[in-house]
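Here's the structure we're looking at; comments come further down.
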Protein chains: 2
Amino acid sequence: MAESFDCNLATPAQKREFEEKALGELKARGYRMTMTRLQVIRALGETHRALSPYEIHDRIVQAGGRIDVVSVYRILATLEETGLAHHVASVNGYIPCRASKAHGFQQRLVCRRCGCVTEVALPQTCLETLEGGAESLGFQVETARLELIGLCGHCVGAS
Amino acid sequence: MAESFDCNLATPAQKREFEEKALGELKARGYRMTMTRLQVIRALGETHRALSPYEIHDRIVQAGGRIDVVSVYRILATLEETGLAHHVASVNGYIPCRASKAHGFQQRLVCRRCGCVTEVALPQTCLETLEGGAESLGFQVETARLELIGLCGHCVGAS
DNA sequence: CTCGCTGCAAAAAATTTGCACATTG
DNA sequence: CAATGTGCAAATTTTTTGCAGCGAG
């Protein structure tokens with residue numbers, strides 16, 4: 001029998017780590033820690049899937065919490081600005097940024113089957129190639145949004 | 001005095017090329033060539049900026065054309081499916097795909113100042129690095145959405 | 001106690017759907 | 001002529017805004 005694994009369920013440790021990181025970062029930036037923000041942070045942290053504002057709202061409500069969708073939007077904006085969450089275009093949702101200090105660019109591996117998103121640092125060589133290529137066209141790179149779509153390790157075998 | 005250059009204005013040749021490519025591809029796929037589609041194709045082809053469905057609609061109307069926004073949506077869906085247009089997430093708009101036959105992945109250089117988007121093929125080495133890295137995590141890459149955001153050659157100097 | 005944050009109400013914008021009519025090949 | 005494609009009307013969904021009241025520090 002196959003090991004039970006849910007691409008969408010983060011481990012308690014991962015969840016806790018993100019929560020601590022987020023709380024610390026928000027405090028450091030002078031934001032207030034509120035129940036509403038904590039709920040969004042927890043909703044983001046407990047999964048590996050990208051969640052839309054409405055999904056986040058629904059999850060919180062279903063878990064017995066209470067929050068308005070408008071607040072979810074505003075909190076997501078704050079989290080993005082702070083680098084604590086990233087928007088994933090190919091699935092139109094937000095994921096928690098679990099990377100330590102965002103050195104260099106991050107690439108996101110998006111599974112088109114289970115929807116999980118994994119963030120990985122962009123290899124230095126690759127970064128140089130990309131920046132070099134752009135530079136040769138006179139383009140100066142500042143940020144990147146790199147998404148690789150395919151099948152994650154757990155879905156490659158399955159089905 | 002500076003050379004007059006408009007990042008947003010494609011040359012007549014570029015415009016013509018894309019139009020021909022699009023017409024050929026659509027015909028090859030069995031789609032009918034209609035005035036409505038032609039209008040969208042021309043609107044896309046005449047600029048280097050990513051255009052939203054409404055922008056496309058407005059441009060067509062302002063040029064004396066006639067089309068419903070709903071049709072713009074449907075036609076964009078067709079063009080994307082056909083690989084004739086790509087959605088650019090960082091600016092939320094569509095660009096014409098001018099690449100010949102889409103060998104390998106394309107990266108998009110998005111200027112945050114003038115909004116122009118340039119498509120460039122991803123260097124082979126880079127592609128291999130990315131795929132290799134993903135593979136080592138058990139992830140099998142199928143497609144990519146690579147956007148580099150920064151300043152284009154014309155905007156680096158300016159301002 | 002003060003300023004930031006949230007909920008509520010509502011508007012605005014973006015996207016989708018159904019169906020009758022027009023148009024292409 | 002037979003699909004295919006389009007416009008129109010309308011519903012849905014998503015996102016934004018203003019403001020009064022609550023709550024964190």
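These numbers come from the heavy atoms of this one structure, side chains and all, not from hydrogens, waters or symmetry mates. All chains are named by letter (A, B, ...) in the order of the sequence lines, taking the proteins before the strands, and each is independently numbered beginning at 1.
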Report task. Using atom types as modelled and distance alone, determine if a side-chain donor or acceptor of A:E25 lies under 3.5 Å from a backbone N or O of A:L84. Result ->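 Pair absent, no side-chain N/O of A:E25 close to backbone of A:L84.
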Query raised in the report: OH of B:Y73 to NE2 of B:H57: how many Å apart, nearest 0.5 Å?
Result: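 Spacing of OH (B:Y73) from NE2 (B:H57) equals 11.0 Å.
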How close or far is atom [atom2] of [N] from atom [atom1] of [X], stated in whole angstroms?
X     : N      : atom1 : atom2 : value
B:D68 : C:dT16 : CG    : C1'   : 12 Å
A:I67 : C:dT6  : CD1   : P     : 7 Å
B:Q39 : C:dT23 : CD    : C1'   : 14 Å
A:L76 : C:dC5  : CG    : C1'   : 15 Å

Consider the side chain of [X], meaning its heavy atoms from C-beta on, and name the nucleotide among [options] that approaches it most closely.
X     : options               : answer
A:S71 : C:dT23, D:dT6, C:dG7  : C:dG7
A:Y54 : D:dG25, D:dT15, D:dG7 : D:dT15
B:R66 : D:dC8, C:dG7, D:dT6   : D:dC8
B:Y73 : D:dC8, C:dC5, C:dT16  : C:dT16
A:P53 : D:dT15, C:dG4, C:dT6  : D:dT15

**Report entry** Contact under 4.0 Å: B:T36 side-chain N or O vs D:dT6 OP1/OP2
**Finding:**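 So the side chain of B:T36 is within the cut-off, an N or O lying under 4.0 Å from OP1 or OP2 of D:dT6.
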Query raised in the report: Counting any heavy atom closer than 4.0 Å, what does B:V69 reach on the DNA or RNA strands: base, sugar-phosphate only, or nothing?
Result: nothing
Query raised in the report: NA contact type, A:Y31, heavy-atom cut-off 4.0 Å: base, sugar-phosphate, or nothing?
Result: sugar-phosphate
Report task. Determine, stepwise, if the pair A:Q106 / A:H86 fulfils side chain to side chain donor-acceptor pair (under 3.5 Å). Result -> CA-CA 10 Å; A:Q106 302 284 124; A:H86 295 307; over 6 Å; no
Report task. Please confirm whether any donor atom in the side chain of A:R74 sits under 3.5 Å from an acceptor in the base of C:dC5, or the reverse. Result -> no
